[in-house]
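Have a look at the structure below before the remarks.
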Amino acid sequence: MTASPDSSPDFAQVRAWLQAAQHVAVLTGAGMSAESGIPTFRDTQTGLWARFNPAELATEEGFRAQPELVWNWYAERRAAMAQVKPNAGHYAIAAYQQRHPGRLTVITQNVDGLHQKAGSTDALALHGNIFQDRWLDLCFHARHSGRVCAASHAQADNPPRCPDCGNMLRPDVVWFGEMLPPATLHAAEQAAQRCALMLVVGTSGEVYPAAGLAHQARQAGAKVVVVNPHASELDGVAHRVLRGTAAQTLPSLLADGV
Ligand code: BV8
């Protein structure tokens with residue numbers, strides 16, 4: 001790795017944009033949590049993803065075809081995510097928000113809840129929350145009595161099922177081919193169009209519509225800055241690329257003072 005990004009002229013330029021920006025948006029991906037010990041999707045090529053196509057595991061069709069396999073995969077990830085803590089990058093963002101209320105919006109593709117754990121309680125979680133479940137299908141009772149069974153009503157199994165109608169619980173995340181939660185996506189698009197600076201941290205920029213937010217920010221006149229130790233699909237959209245990691249780069253980038 002070359003000299004730390006902190007000393008580069010690019011770093012100084014980004015700091016100047018940050019100081020001048022009335023509103024900042026931070027778009028994050030799996031790389032944001034890598035230094036907390038959660039492998040990125042890329043790294044997981046060596047794991048379960050090496051044997052199964054992510055689209056197979058993270059789609060409704062895949063879940064209906066192999067509910068036990070998909071449920072266990074999420075249970076494994078959930079257990080791993082429950083063990084880890086936010087890293088210095090998460091805390092730097094949350095601390096900046098505390099010092100500058102209403103000035104920075106966190107938009108994340110991560111389902112691990114680490115931004116929220118670090119204090120960014122209003123983070124926009126585009127792809128859901130792995131620690132929450134919901135019914136796969138419309139609840140039988142809801143169709144007949146309007147009363148939706150609570151998830152706790154489910155009988156323990158892999159996946160848990162409704163004892164009355166066999167409806168399965170599924171992780172409350174967004175699978176491929178599924179719409180993002182409209183209100184969250186709308187708020188993220190608002191932030192992308194309103195910000196003067198967008199930091200794009202730890203994402204390969206391959207998944208849409210999340211990656212499209214960086215394009216929207218640039219089109220709306222914002223400065224776009226990528227923070228990533230490796231090349232990404234969004235480098236071409238960026239005005240500056242800081243080749244460093246989230247936990248190394250964000251504390252000094254977001255620190256107050258000149
Ligand atoms: C949809 C939740 C509408 C589940 C996830 C336009 C063009 C092409 C395709 C599409 C398009 N529009 C829609 C699509 C289809 C699809 C898509 O984007 N496909 C891709 C793969 C081509 N999108 C969808 O299906 C979306 N829905 O469009 O709905 C619709 C509906 C009906 C019919 C038609 C349309 C839903 C997408 C959401 C899927 N769910 N996650 C789960 O987690 O299990 S996506 C999941 O994968 C993550 O949330 C994340 O979004 C993505 C992984 O990407 P990254 O987070 O970037 O991670 P990755 O490993 O790739 O990269 C890590 C990066 O970090 C690397 O660059 C690395 O260098 C860097 N790094 C490593 N260490 C560090 C670091 N950086 C900093 N510090 C470090 N220490």
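In each ligand, atom 1 is the first atom listed, and ligand 1 is the first ligand listed. Reckoned from all heavy atoms, side chains included, excluding hydrogens, waters and symmetry mates.
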**OP:** Could you pull out, from Val201, Leu234, Asn228, Val174, the option with a heavy atom nearest to atom 4 (C) of ligand 1?
**Re:** Val174
**OP:** Using atom types as modelled and distance alone, determine if a side-chain donor or acceptor of Lys117 lies under 3.5 Å from a backbone N or O of Val84.
**Re:** yes
Original post:
Do Arg78 side-chain atoms and Ile130 backbone N/O form a donor-acceptor pair below 3.5 Å?
Top reply: yes
Original post:
Counting distance only, does the side-chain N/O of Ser36 pair as donor-acceptor with the main-chain N or O of Ile38 below 3.5 Å?
Top reply: no
**OP:** Check each atom of ligand 1 against the heavy atoms of Thr203 and keep those under 4.0 Å away; list them by number with element.
**Re:** 55 (P), 57 (O), 64 (C), 65 (O), 67 (O)
Original post:
Where the closest heavy atom to atom 47 (O) of ligand 1 is concerned, which of Tyr208, Phe41, Trp175 has it?
Top reply: Phe41
Subject >> Donor-acceptor contact present, side-chain Thr249 to main-chain Thr245, <3.5 Å >> reply: yes
Original post:
Below 3.5 angstrom, do we get any N/O pair linking Ala246 and ligand 1?
Top reply: yes
Subject >> Salt bridge present between Asp137 and Arg64 (N-O < 4.0 angstrom) >> reply: yes
**OP:** Any atoms of ligand 1 less than 4.0 Å from a non-hydrogen atom of His230? List them with their elements.
**Re:** 69 (O)
Original post:
ligand 1 versus Ser204, non-hydrogen atoms closer than 4.0 Å: side chain, backbone, both, neither?
Top reply: both
Original post:
What orientation do Phe63 and Trp175 show, parallel under 30°, tilted 30 to 60°, or perpendicular over 60°?
Top reply: tilted
Subject >> Met179 neighbourhood, listing ligand 1 atoms whose heavy-atom distance to it stays under 4.0 Å >> reply: 3 (C), 29 (O), 30 (C), 31 (C)
Subject >> Check: His23/Thr105 side-chain N/O donor and acceptor closer than 3.5 Å >> reply: yes
Original post:
Hey, does Leu180 come in under 3.5 Å of ligand 1, counting only N/O atoms on both sides?
Top reply: no
Subject >> Closest to atom 43 (O) of ligand 1 among Glu206, Arg77, His127 (heavy-atom distance) >> reply: Arg77
Original post:
What are the atoms of ligand 1, with element, lying closer than 4.0 Å to any heavy atom of Tyr74?
Top reply: 4 (C), 42 (C), 44 (O)
**OP:** Specify side chain, backbone, both or neither for Glu178, according to which of its non-hydrogen atoms lie closer than 4.0 Å to ligand 1.
**Re:** backbone
Original post:
Is the closest heavy atom of Pro229 to ligand 1 under 4.0 Å?
Top reply: yes
**OP:** Below 4.0 angstrom from a heavy atom of Gly202, which ligand 1 atoms are there? Numbered from 1 as shown, please.
**Re:** 63 (C), 64 (C), 65 (O), 76 (N), 77 (C)
**OP:** Please say whether Gly177 places an N or O atom under 3.5 Å from an N or O atom belonging to ligand 1.
**Re:** yes
**OP:** Enumerate the atoms of ligand 1 whose separation from the nearest heavy atom of Gly29 is less than 4.0 angstrom.
**Re:** 56 (O)
Original post:
If you measure every N/O of Ser232 against every N/O of ligand 1, is any gap under 3.5 Å?
Top reply: no
Original post:
Can you check whether Pro163 reaches His153 side chain to side chain, under 4.5 Å on heavy atoms?
Top reply: yes
**OP:** State the atoms of ligand 1, each with its element, that fall below the 4.0 Å cut-off from a heavy-atom position in Glu35.
**Re:** 78 (N), 79 (C), 80 (N)
Subject >> Reported CG-to-CG distance for the pair Leu199 and Leu18, which is rounded to 0.5 angstrom >> reply: 7.0 Å
**OP:** State the atoms of ligand 1, each with its element, that fall below the 4.0 Å cut-off from a heavy-atom position in Ala34.
**Re:** 73 (N), 80 (N)
Original post:
If we only count heavy atoms from C-beta on, is the Gln193 to Gln216 side-chain gap below 4.5 Å?
Top reply: yes
Original post:
Would you call the rings of His239 and Trp17 parallel, tilted or perpendicular, where under 30° means parallel and over 60° means perpendicular?
Top reply: perpendicular
